[in-house]
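Structure, as structure tokens:
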Amino acid sequence: MQELVMQLTRAGFLVLLWLFVLAALRVVRSDLYAASGLRASGLPGFRRSDKSARGSKAPRTLVVTHGALTGTRISLDGRPILIGRADDSTLVLDDDFASTRHARLSMRGTDWYVEDLGSTNGTYLDRAKVTAPLRVPLGTPIRIGKTVIELRS
């Protein structure tokens with residue numbers, strides 16, 4: 001009887017170990033391949049219209065307000081902005097809490113939207129977690145790991 005309990009305990013620990021390994025591989029895979037094919041530069045609805053260029057309250061720059069890149073400014077020209085640790089990102093973050101392809105800011109009509117690209121730690125607009133594309137008002141903080149960015153005119 002005692003030998004049966006010992007064998008069941010060993011089998012249980014082995015199952016738990018494999019579940020942990022599979023979960024770790026899933027996280028690594030999702031971090032590496034989360035945004036494959038998600039570049040929106042060629043999709044309709046992501047171009048800047050002439051009306052938004054004339055409006056005085058239209059966002060013109062993306063500003064990093066907190067984090068290692070504080071003070072960094074990126075001009076908004078209507079093209080999507082990819083944010084993450086990947087070298088080909090528009091805003092490359094050196095942040096342990098940011099994923100390789102973490103989030104994307106894109107223009108739809110005259111408004112800018114933020115969407116999370118399956119990141120591990122999430123993207124937050126003000127204090128709300130981004131689970132679907134959300135419109136970004138001027139001056140509203142977007143938090144990605146330890147980095148906070150805002151759209152400004």
Side-chain angles (χ1 to χ4, degrees), residues 11-49 52-53 55-153:
F13 279 122
L14 187 62
V15 168
L16 284 175
L17 177 66
W18 276 107
L19 287 175
F20 175 76
V21 168
L22 292 174
L25 288 174
R26 186 174 144 236
V27 168
V28 168
R29 184 182 63 98
S30 69
D31 196 31
L32 290 175
Y33 299 110
S36 60
L38 291 178
R39 293 187 88 72
S41 58
L43 296 176
F46 287 87
R47 298 280 179 222
R48 183 175 204 158
S49 67
S52 67
S56 62
K57 292 196 175 192
R60 292 192 180 112
T61 57
L62 175 72
V63 179
V64 179
T65 58
H66 292 91
L69 299 172
T70 300
T72 302
R73 294 178 174 272
I74 297 175
S75 295
L76 300 176
D77 58 2
R79 289 180 288 178
I81 296 174
L82 188 62
I83 304 166
R85 289 192 333 243
D87 291 335
D88 63 342
S89 297
T90 311
L91 180 60
V92 179
L93 301 177
D94 185 24
D95 188 339
D96 292 336
F97 296 102
S99 297
T100 304
R101 305 241 187 259
H102 197 100
R104 177 177 46 223
L105 279 167
S106 55
M107 185 171 239
R108 296 181 185 177
T110 59
D111 295 323
W112 283 89
Y113 284 78
V114 63
E115 61 184 302
D116 186 82
L117 299 176
S119 66
T120 305
N121 293 317
T123 303
Y124 293 86
L125 179 63
D126 204 3
R127 293 181 184 165
K129 187 169 185 174
V130 175
T131 56
L134 292 176
R135 190 178 76 76
V136 181
L138 278 174
T140 303
I142 302 167
R143 185 169 51 84
I144 297 171
K146 296 177 183 177
T147 305
V148 179
I149 58 176
E150 292 180 4
L151 294 178
R152 295 194 178 159
S153 56

- Query: Heavy-atom count around F97 CZ within 6.0 Å, excluding the residue itself: above 12?
  - Reply: no

- Can you establish whether the number of heavy atoms outside D94 located under 6.0 Å from its atom CG is more than 12? no

Contacts under 3.5 angstrom, residues 131-146 side chains, donor-acceptor by atom type, not counting sequence neighbours:
{"residue": "T140", "atom": "OG1", "partner": "P137", "partner atom": "O", "Å": "3.3"}

On a heavy-atom basis, which atom in [X] and which in [Y] lie closest, and how many Å separate them?
X	Y	value
W112	P59	CD1-CG, 3.7 Å
K129	G122	CE-CA, 4.1 Å
H102	D116	O-OD1, 3.6 Å
V92	R85	CG1-O, 3.9 Å

Kindly compute the distance separating [atom1] ([X]) from [atom2] ([Y]), expressed to the nearest 0.5 Å.
X	Y	atom1	atom2	answer
L105	L91	CG	CG	9.0 Å
R79	I74	CZ	CD1	11.0 Å
L117	S99	CG	OG	9.0 Å

- Query: Tell me, do L93 and I83 make a side-chain contact under 4.5 Å, heavy atoms counted?
  - Reply: yes

- Query: Does the pair T147 and H66 meet the rule for a side-chain hydrogen bond (donor to acceptor under 3.5 Å, both in side chains), with working shown?
  - Reply: CA-CA 5 Å; T147 305; H66 292 91; over 6 Å; no

- Query: Quick one: does T61's side chain have a donor or acceptor within less than 3.5 Å of a partner on S75's backbone?
  - Reply: no

- Could you pull out all residues at least two apart from A86 that satisfy side chain to side chain contact (heavy atoms under 4.5 Å, CB included)? D88, S89, T100, R101

